[in-house]
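Just so you know, these numbers use all the heavy atoms, side chains as well, and skip hydrogens, waters and symmetry mates.
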Amino acid sequence: MGTLKHPIVEDRIIQGKGTALEEWQQSQQLHHLKALELSKIFPLNSRICIVAPHPDDEVLGCGGLIQQLDAAGYEIVLFAVTNGTASHPDSRLYTPEQLDHIRPQETINALGVLDLKQSIQRIALNIQDGEVAQQRDQLVAALKPYLQANDILVTTFEHDGHPDHEITGQVSKQLAATHSLKCLQVLIWTWHWASPGDSRIPWHKALRLELNPKQLARKIEAMQCFKSQLEPDSSTGKAAIVSGSALARLLQPWEVYIDDEGHL
């Protein structure tokens, strides 16, 4: 992915190859994060609402968590903030109209690969891709009516480095606070621009979810469904949206979530 600068993200800029995977793998701080224990974080009567800015974020960020929640019998609902129609500017291969169908279908295919016991309802909120900041109020209005008293929101980190990710995280956190709901935020693009020990990350609020080999293998296979994001665009000559190095950082045997509730 090329440089992504926006006033909202300040110095959290996605550019170049990003932090090397080896740096994260060797980070003692990362290895010593507090474990995310499902039964302690998610009461059994909870409905888990995954609020994903773009199709693929739900698997990139939460592919392991979704499998574990499903196996434990939790109800899961996926809220698709956008349909990811702005990922390929000027492309003849992936026009916005084509992506409006391609990218949601990629998510459906990926969830199928995860081999879940229960079906996940996907609710499209139809916010314009790349304009979540400008449509913040519309996102609040679109998501709010669906929320229930036993919901737990799982979304992208409010300082993740991509403006759509950050606003989605901020709105989800705001709605959770307003309705007295729990909210967890997953790190996605943070692994690109941040580095071990980075003070911009609230590591004291971070929880590490361990994935077993089978869960990781399914997550890796599911990500291959997002061909629009993983393959170069022959019509523009541009590289894949999600590079091999970015994908490698996200397909580790762990996922990291920020939990504010335990640190109020």
Side-chain angles (χ1 to χ4, degrees), residues 42 46-88 94 96-132 135 138-148 150-157 160 162 164-165 167-169 171-172 175-176 179 181-186 188 215 218-230 241-242 250 255 257:
F42 304 100
S46 301
R47 184 181 73 154
I48 315 304
C49 300
I50 310 291
V51 187
H54 311 107
D56 76 1
D57 289 325
E58 67 289 306
V59 176
L60 274 174
C62 310
L65 178 64
I66 289 172
Q67 292 179 71
Q68 294 187 22
L69 290 169
D70 173 75
Y74 290 90
E75 178 184 1
I76 306 171
V77 179
L78 170 60
F79 291 98
V81 174
T82 80
N83 277 348
T85 57
S87 63
H88 290 72
Y94 293 114
E97 293 76 20
Q98 291 170 316
L99 289 168
D100 198 37
H101 297 284
I102 290 172
R103 297 200 63 186
Q105 187 60 50
E106 288 176 337
T107 287
I108 292 169
N109 295 344
L111 292 175
V113 170
L114 292 181
D115 195 26
L116 306 177
K117 297 178 181 178
Q118 308 167 81
S119 61
I120 293 183
Q121 182 183 13
R122 180 185 184 274
I123 298 174
L125 300 181
N126 294 313
I127 302 301
Q128 184 61 44
D129 186 17
E131 298 183 9
V132 179
Q135 298 187 31
Q138 292 95 315
L139 176 55
V140 172
L143 183 57
K144 182 178 178 181
Y146 289 106
L147 300 181
Q148 300 177 7
N150 66 332
D151 285 347
I152 295 178
L153 306 187
V154 180
T155 188
T156 43
F157 181 37
D160 203 41
H162 188 298
D164 285 356
H165 286 216
I167 299 302
T168 296
V171 166
S172 299
L175 283 170
H179 296 278
L181 305 175
K182 186 177 184 62
C183 180
L184 272 70
Q185 301 184 344
V186 67
I188 297 181
Q215 292 162 354
R218 283 179 175 167
K219 180 174 178 177
I220 291 171
E221 185 181 356
M223 274 309 304
Q224 297 309 306
C225 293
F226 296 97
K227 295 186 182 302
S228 70
Q229 306 303 294
L230 301 179
I241 304 299
V242 180
L250 286 157
E255 296 167 355
Y257 296 84

After noting the C-alpha distance and the side-chain angles of Phe226 and Val242, does the key distance pass the side chain to side chain contact (heavy atoms under 4.5 Å, CB included) rule? CA-CA 10 Å; Phe226 296 97; Val242 180; over 6 Å; no

Any side-chain heavy-atom pair from [X] and [Y] closer than 4.5 angstrom?
X	Y	answer
Ser228	Glu106	yes
Asp164	Val81	no
His54	Gln229	no
Leu125	Gln138	no
Ser87	Leu99	yes
Val186	Leu65	no

Between [X] and [Y], what is the shortest heavy-atom contact and its length?
X	Y	answer
Val113	Ala222	CG1-N, 3.5 Å
Pro53	Thr156	CG-OG1, 3.4 Å
His101	Pro104	O-CD, 3.6 Å

Look at the side chain of Thr107 and the backbone N and O of Pro55, then say whether any donor-acceptor pair between them is shorter than 3.5 Å. no

For the pair Thr82 (side chain) and Asp129 (backbone), establish whether a donor and an acceptor sit closer than 3.5 Å, ignoring hydrogens and angles. no

Just jot down the side chain to side chain donor-acceptor pair (under 3.5 Å) partners of [X], sequence neighbours excluded, or say none.
X	answer
Asp100	Asn83
Glu75	none
Gln105	Asn109
Gln67	none

Residues forming a side-chain contact (heavy atoms from CB on, under 4.5 Å) with Gln128, sequence neighbours excluded: Thr85, Glu131, Gln135

Test side-chain contact (heavy atoms from CB on, under 4.5 Å) applied to His179 - qualifying residues, sequence neighbours left out: Lys144, Leu147, Leu175, Leu181

Under the criterion side chain to side chain contact (heavy atoms under 4.5 Å, CB included), I'd like the reasoning laid out for Tyr94 against Ile241: C-alpha separation, chi angles, the key distance, then a yes or no. CA-CA 12 Å; Tyr94 293 114; Ile241 304 299; over 6 Å; no

Any pair counted as salt bridge (charged side-chain N to carboxylate O under 4.0 Å, His left out), so long as it reaches residues 108-120, sequence neighbours left out: Asp115-Arg218

Here the salt bridge (charged side-chain N to carboxylate O under 4.0 Å, His left out) pairs for residues 47-73, sequence neighbours left out, are Arg47-Asp151, Asp56-Arg103

Please enumerate all residues that pass ring pair (Phe, Tyr, Trp, His ring centres under 6.0 Å) together with Tyr74, with sequence neighbours excluded. none

Suppose we screen for ring pair (Phe, Tyr, Trp, His ring centres under 6.0 Å). Which residues come up paired with Phe79, at least two apart in sequence or across chains? Tyr146

ring-ring contact (aromatic ring centres under 6.0 Å, His included) pairs touching residues 104-132, sequence neighbours excluded, are none

Under the rule for salt bridge (charged side-chain N to carboxylate O under 4.0 Å, His left out), what residues qualify as partners of Glu255, not counting sequence neighbours? Lys219

Drop me the distance from [X]'s [atom1] to [Y]'s [atom2], to the nearest 0.5 angstrom.
X	Y	atom1	atom2	value
Cys225	Leu230	SG	CG	9.5 Å
Leu139	Ser172	CG	OG	6.5 Å
Ile120	Ile76	CD1	CD1	4.5 Å
Ile123	Cys49	CD1	SG	8.0 Å
Gln215	Ile220	CD	CD1	12.0 Å
Ile48	Leu78	CD1	CG	13.0 Å

Please say which of Asp160, Val51, Leu143 ends up in a side chain to side chain contact (heavy atoms under 4.5 Å, CB included) with Thr168. Val51

